[in-house]
Amino acid sequence: MDEYGKLLKEIKEQIKVAQLKTVVAANSQMLWLYWQIGNFILESQNGIEQRAKIIENLALDIKKEFPELKGFSVRNLAYMRSFAASYPSTLLSKLQSIERDFSSNLKKIKGAILFLETSDNQDFQSLQQPVAMIEQIFVNSILAKIPWSHHIILLDKVPYIGERFWYMFNTIEHGSSRNVLVHQIESKLFERQIKADKITNFQRTLPEPQTDFAQYMLKDPYIFDFIQAKDKADERNIEKQLTEHITKFLLELGQGFAFIGRQVHFEIGGQDFYIDLLFYHTRLHAYVVVELKAKDFEPGDAGQLNFYINLVNDKLKSSTDNDTIGILLCKGKNAVLAEYALKNINQPIGVADYQLSKAIPDNLKSELPNIDDLEKELQ
């Protein structure tokens, strides 16, 4: 039997084994099958002359043998090959260890990601191990915990293993759908939440482990691309649109934020004060005051937010709540200025930028075709 014939026979046998286990549709078992097939293809390509036709021939022959079976198209088999090449068996064990660190110690996230980013895949070449042992490692790894459709997105859109691993971890933690994952990647969530140099005083004002999680949850910048705003949009208009799109707003803030209210009123010393946006964070067990500025950061903004945090601590916080946290969202900031402004403030505050989607300028609207014109052109 020629080498291709041996390859096809091995793959057909693996498919039959998976079917006999009646778990081919289960995510972890299906992914294990895909990973095995990807490795068979990788190994076979070292000795087969017509490499370009291997996957095409496999797709045709598997279809003949299993006509009702889905998922073995040319495109999907090519992804299986990439899947196996990206995650050799020795890397699987390392990913398990890193995942445990992520879950127990947020401080280790950057270090683990840096290790993965600086490691070449040559460092993780597959070793000859019993198949049963490799299967156990695989099905217990993070790879087996997310859907195949998510893996395809990550293989297509995220070239670096450390960043890809973080998106897997984030998907599991938040139960992110395929569309949410695509949006997170396109909005560069990894860069904004993990790689950004965040400006806070959390290390000095919060106890552990609150410090680590508060620092982790903060993004910079926040992307409110569902908000249409002109250059001179004021804070009230932006607040109104944020609360009108509260589901998208909460998605951008991250898991755990519960919306309390907008322009929350307090009367102190015969004067009225209004907090822009008030939330409660279910994991931090703390109120979160969000102040929105339609301008660059100014030192006085930190003092104003500090005042509002004191109000919430005095008027709303109970004995079971942790210290209230403040997030100051600005159109821009001078990092040195912001760090000095937070230096002697004893309430936990983070300062971050935000970005809005630009509205179409009025002078261009007349130049754009309307729906009726487009329909006529299409007809």
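Side chains included, hydrogens not; waters and symmetry mates left out as well; all remaining heavy atoms used. Quick caveat: nothing in here was measured; it's all calculated off a predicted structure.
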Centre-to-centre under 6.0 Å for H183 and F226, is that the case here? no
From CA spacing to verdict: salt bridge (charged side-chain N to carboxylate O under 4.0 Å, His left out), K240, E244: CA-CA 6 Å; K240 182 174 182 292; E244 286 173 351; 2.5 Å; yes
If you measure from the Lys or Arg side-chain nitrogens to the Asp or Glu carboxylate oxygens, is any gap between K295 and D301 under 4.0 Å? yes
Check whether any side-chain heavy atom of I98 lies under 4.5 Å from a side-chain heavy atom of F169, and answer yes or no. no
Do E163 and K195 sit within salt-bridge range, that is, some charged N less than 4.0 Å from a carboxylate O? no
Would a distance-only check, ignoring hydrogens and angles, find a side-chain to backbone donor-acceptor pair under 3.5 Å from R192 to S187? yes
Nearest-0.5 Å distance that lies between atom OG in S141 and atom CD in Q136: 11.5 Å
Grouping I, L, V, M, F, W and Y whenever their side-chain heavy atoms are under 4.5 Å apart, do L189 and I327 come out in a common cluster? yes
If we only count heavy atoms from C-beta on, is the I172 to I142 side-chain gap below 4.5 Å? yes
Do D156 side-chain atoms and I153 backbone N/O form a donor-acceptor pair below 3.5 Å? no
E339 atom CD, neighbour heavy-atom count above 12 within 6.0 Å: yes
Pair N237, Q241: side-chain N/O donor-acceptor within cut-off below 3.5 Å: yes
Distance in Å, K248 NZ paired with D225 CG, rounded so as to fall on 0.5 Å steps: 8.0 Å
Take N140 and L92 through the test side-chain contact (heavy atoms from CB on, under 4.5 Å) and record every step on the way to the result. CA-CA 9 Å; N140 289 322; L92 301 180; over 6 Å; no
CD on E208 to CD on Q203, rounded to 0.5 Å: 7.0 Å
So does Q347 get a backbone contact from the side chain of N201, meaning a donor-acceptor N/O pair under 3.5 Å? yes
Option from K198, K333, K188 for which salt bridge (charged side-chain N to carboxylate O under 4.0 Å, His left out) with D220 holds: K333
Within the distance-only criterion (no hydrogens, no angle test), does the side chain of T171 pair as donor or acceptor with the backbone N or O of S176 below 3.5 angstrom? no
Would the number of heavy atoms belonging to other residues, nucleotides or ligands and lying under 6.0 Å from NZ of K317 be above 12? yes
For the residue pair Y222 and A352, what are the closest heavy atoms and their distance? CE1-CB, 3.9 Å
Between M168 and K145, is there a side-chain heavy-atom distance shorter than 4.5 Å? no
Centre-to-centre under 6.0 Å for F83 and Y79, is that the case here? no
Treating Ile, Leu, Val, Met, Phe, Trp and Tyr as nodes and any side-chain heavy-atom pair under 4.5 angstrom as an edge, say whether I41 and L91 lie in one connected cluster. yes
How about D272: does its CG atom have over 12 heavy atoms from other parts shown lying under 6.0 Å from it? yes
Is a side-chain donor or acceptor of D314 paired with a backbone partner of N310 at a separation under 3.5 angstrom? no
Once the angle between the rings of F213 and H281 is folded into 0 to 90°, is it parallel (under 30°), tilted (30 to 60°) or perpendicular (over 60°)? perpendicular
Under a single-linkage definition using a 4.5 Å side-chain heavy-atom cutoff for Ile, Leu, Val, Met, Phe, Trp and Tyr, are L253 and V264 assigned to the same hydrophobic cluster? no
Does E239 come within less than 4.0 Å of R236, counting only side-chain N to carboxylate O? yes
Is the shortest heavy-atom distance from the side chain of H151 to the side chain of Y34 under 4.5 Å? no
Let's go through K157 and L181 carefully: what are the C-alpha distance in whole Å and the side-chain angles of both, what is the deciding distance for side-chain contact (heavy atoms from CB on, under 4.5 Å) to 0.1 Å, and is it a yes or a no? CA-CA 10 Å; K157 294 180 177 292; L181 176 61; over 6 Å; no
Taking atom OG1 of T324 and atom CG of L316, what is their separation to the nearest 0.5 Å? 7.5 Å
Restricting to non-hydrogen atoms, name the atom on V290 and the atom on D276 that form the minimum distance, rounded to 0.1 Å. O-CB, 3.4 Å
Pair F273 and F307, ring centroids less than 6.0 Å apart: yes
Within-4.5 Å side-chain heavy-atom neighbours: I325 and L206: yes
Relative to the ring of F138, is the ring of W32 parallel (under 30°), tilted (30 to 60°) or perpendicular (over 60°)? tilted
Could you tell me whether a side-chain N or O of H265 sits under 3.5 Å from a main-chain N or O of I275, the two making a donor and an acceptor? no
Co-members of the apolar cluster containing V336 [side chain, <4.5 Å]: Y340
Just checking F279 against F249, ring centres under 6.0 Å apart? yes
Walk me through whether R75 and I152 qualify under side-chain contact (heavy atoms from CB on, under 4.5 Å). CA-CA 11 Å; R75 179 175 179 270; I152 289 175; 4.2 Å; yes
Go through the steps to decide whether F259 and T243 satisfy the test side-chain contact (heavy atoms from CB on, under 4.5 Å), and finish with yes or no. CA-CA 9 Å; F259 180 60; T243 52; 3.5 Å; yes
If you compare all heavy atoms of A214 against all heavy atoms of F202, which two are closest, and at what distance to 0.1 Å? O-CE1, 3.6 Å
Closest heavy-atom contact between Q255 and H174? OE1-CD2, 2.9 Å
For Y167 and Q184, the nearest pair of non-hydrogen atoms, with its separation, is OH-O, 3.5 Å
Would you find a donor on one side and an acceptor on the other, under 3.5 Å apart, between the side chain of Q263 and the backbone of Y274? no
For the side chain of Y4 and the backbone of L58, is there at least one donor-acceptor N/O pair under 3.5 Å apart? yes
Side chains of L278 and V289, heavy atoms from C-beta outward: is any pair under 4.5 Å? yes
Quick one: does any side-chain atom of N27 pair with a main-chain N or O of A144 as donor and acceptor, under 3.5 Å? yes
Just how far is it from atom CZ of F257 to atom CD of E252, taken to the nearest 0.5 Å? 10.5 Å
Let me confirm one number: the CG-CH2 distance from L31 to W148, rounded to the nearest 0.5 Å. 7.0 Å
Indicate, with yes or no, if L77 and I54 share a hydrophobic cluster defined by side-chain heavy-atom contacts under 4.5 Å among Ile, Leu, Val, Met, Phe, Trp and Tyr. yes
Within the distance-only criterion (no hydrogens, no angle test), does the side chain of K331 pair as donor or acceptor with the backbone N or O of K293 below 3.5 angstrom? no
Considering all heavy atoms, the nearest W35-A84 contact: O-CB, 3.7 Å
Measuring only between side-chain heavy atoms, which start at C-beta, is Q210 closer than 4.5 Å to P348? no
Assign the ring pair W166 / Y216 to parallel, tilted or perpendicular, where the plane angle (0 to 90°) is split at 30° and 60°. perpendicular
Is I227 close to L242 at the side-chain level, that is, under 4.5 Å between some pair of heavy atoms? yes
Indicate, with yes or no, if L329 and L218 share a hydrophobic cluster defined by side-chain heavy-atom contacts under 4.5 Å among Ile, Leu, Val, Met, Phe, Trp and Tyr. yes
